[in-house]
Student: 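Dumping the structure here so I can ask a few things about it.
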Amino acid sequence: MSNSRDGAAAFEDNTNRYIDRLNQQSLEVVSLIPTLPLPLELRTELAQTWRITRQKLAYFRRELDRSDGELLDELRILHAALLPRVMQYQVRLGEMMIADNCTDDSYLKRWNAIWQNFGMEC
């Protein structure tokens with residue numbers, strides 16, 4: 001028989017795995033950005049955006065690991081409501097920059113390969 005604490009622990013594990021996966025995917029993006037034939041201003045903006053995104057993921061993970069009780073519940077709710085939408089926007093923005101500025105579609109294919117399983121839950 002499962003209790004609500006077991007369900008909460010499972011949700012926390014899923015949240016941690018999701019954040020870890022996003023962090024790994026964003027690390028791949030950081031490696032891809034210098035290779036993109038984008039104008040310098042766009043490449044710089046994209047790199048800065050993903051550097052900040054990675055910092056936020058690390059901060060969120062640390063706060064999740066340090067929290068308990070009501071704060072942990074609030075962080076889980078925040079994650080479920082906000083983090084996927086913010087990441088979806090970041091992914092879409094990068095996709096548009098690449099599609100609009102790179103004539104070689106191999107860059108867009110590499111971007112899409114990184115984010116292939118983005119919508120799937122852990």
Student: Kindly give the heavy-atom pair with the smallest separation between Gly94 and Leu46, and that separation in Å.
Tutor: CA-CD1, 4.0 Å

Student: Could you walk me through whether Leu22 and Leu83 pass the side chain to side chain contact (heavy atoms under 4.5 Å, CB included) test, one step at a time?
Tutor: CA-CA 10 Å; Leu22 289 176; Leu83 184 59; 4.0 Å; yes

Student: Report yes if some heavy atom in the side chain of Met97 is under 4.5 Å from a heavy atom in the side chain of Glu45; otherwise report no.
Tutor: yes

Student: Which pair of heavy atoms, one from Pro39 and one from Asn101, lies closest together, and at what distance?
Tutor: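 Nearest heavy atoms, Pro39 then Asn101: CD-OD1, 4.1 Å.
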
Student: Who are the side chain to side chain contact (heavy atoms under 4.5 Å, CB included) partners of Glu95, not counting sequence neighbours?
Tutor: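 Checked Glu95 against side chain to side chain contact (heavy atoms under 4.5 Å, CB included); matches are Arg92, Leu108, Trp111, Asn112.
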
Student: For residues Gln24 and Arg21, determine if any side-chain heavy atom of one lies less than 4.5 Å from a side-chain heavy atom of the other.
Tutor: no

Student: If we only count heavy atoms from C-beta on, is the Asp65 to Asn16 side-chain gap below 4.5 Å?
Tutor: yes

Student: Checking Glu28 side chain against Ile114 main chain: does a donor-acceptor pair fall under 3.5 Å?
Tutor: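 Checking the backbone N and O of Ile114 against the side chain of Glu28, no donor-acceptor pair under 3.5 Å is found.
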
Student: Return yes when atom CD of Glu70 has more than 12 non-hydrogen atoms of other residues, nucleotides or ligands closer than 6.0 Å, and no otherwise.
Tutor: no

Student: Are the side chains of Val91 and Val29 in touch, meaning some heavy atoms are under 4.5 Å apart?
Tutor: no

Student: Given the rule that I, L, V, M, F, W and Y join up when any side-chain heavy atoms are under 4.5 Å apart, are Leu57 and Leu27 in one cluster?
Tutor: no

Student: Residues in side chain to side chain contact (heavy atoms under 4.5 Å, CB included) with Leu93, at least two apart?
Tutor: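 Side chain to side chain contact (heavy atoms under 4.5 Å, CB included) list for Leu93, sorted by chain: Tyr89, Gln90, Met96.
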
Student: Take atom CZ in Arg62; do more than 12 heavy atoms of anything else shown fall under 6.0 Å from it?
Tutor: yes

Student: Are the side chain of Arg43 and the backbone of Leu36 linked by a donor-acceptor contact shorter than 3.5 Å?
Tutor: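 Yes; at least one donor-acceptor contact below 3.5 Å.
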
Student: Closest approach of Ser67 and Leu75, non-hydrogen atoms and distance?
Tutor: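 Nearest heavy atoms, Ser67 then Leu75: OG-CD1, 3.3 Å.
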
Student: With sequence neighbours left out, what residues match Arg110 under side chain to side chain contact (heavy atoms under 4.5 Å, CB included)?
Tutor: Leu32, Thr35, Tyr107

Student: Which atom pair, heavy atoms only, marks the closest approach of Asn23 to Ser26?
Tutor: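 In this case the closest contact between Asn23 and Ser26 is O-OG, 2.9 Å.
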
Student: Can Thr15 and Ile19 be said to form a side chain to side chain contact (heavy atoms under 4.5 Å, CB included), step by step?
Tutor: CA-CA 6 Å; Thr15 302; Ile19 291 169; 4.0 Å; yes

Student: Under 4.0 Å between a side-chain nitrogen and a carboxylate oxygen: does that hold for Asp73 and Arg76?
Tutor: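 Here Asp73 pairs with Arg76 in a salt bridge, since their nearest N and O are under 4.0 Å apart.
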
Student: Mind checking the OG1-CD spacing from Thr53 to Gln55? Nearest 0.5 Å is all I need.
Tutor: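 The distance works out to 9.0 Å.
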
Student: Rounded to the nearest 0.5 Å, what's the gap from NZ on Lys56 to CZ on Arg51? Could you check?
Tutor: 10.5 Å

Student: Of all the heavy-atom pairs spanning Val30 and Trp50, show the shortest one and how long it is.
Tutor: CG2-CB, 4.3 Å

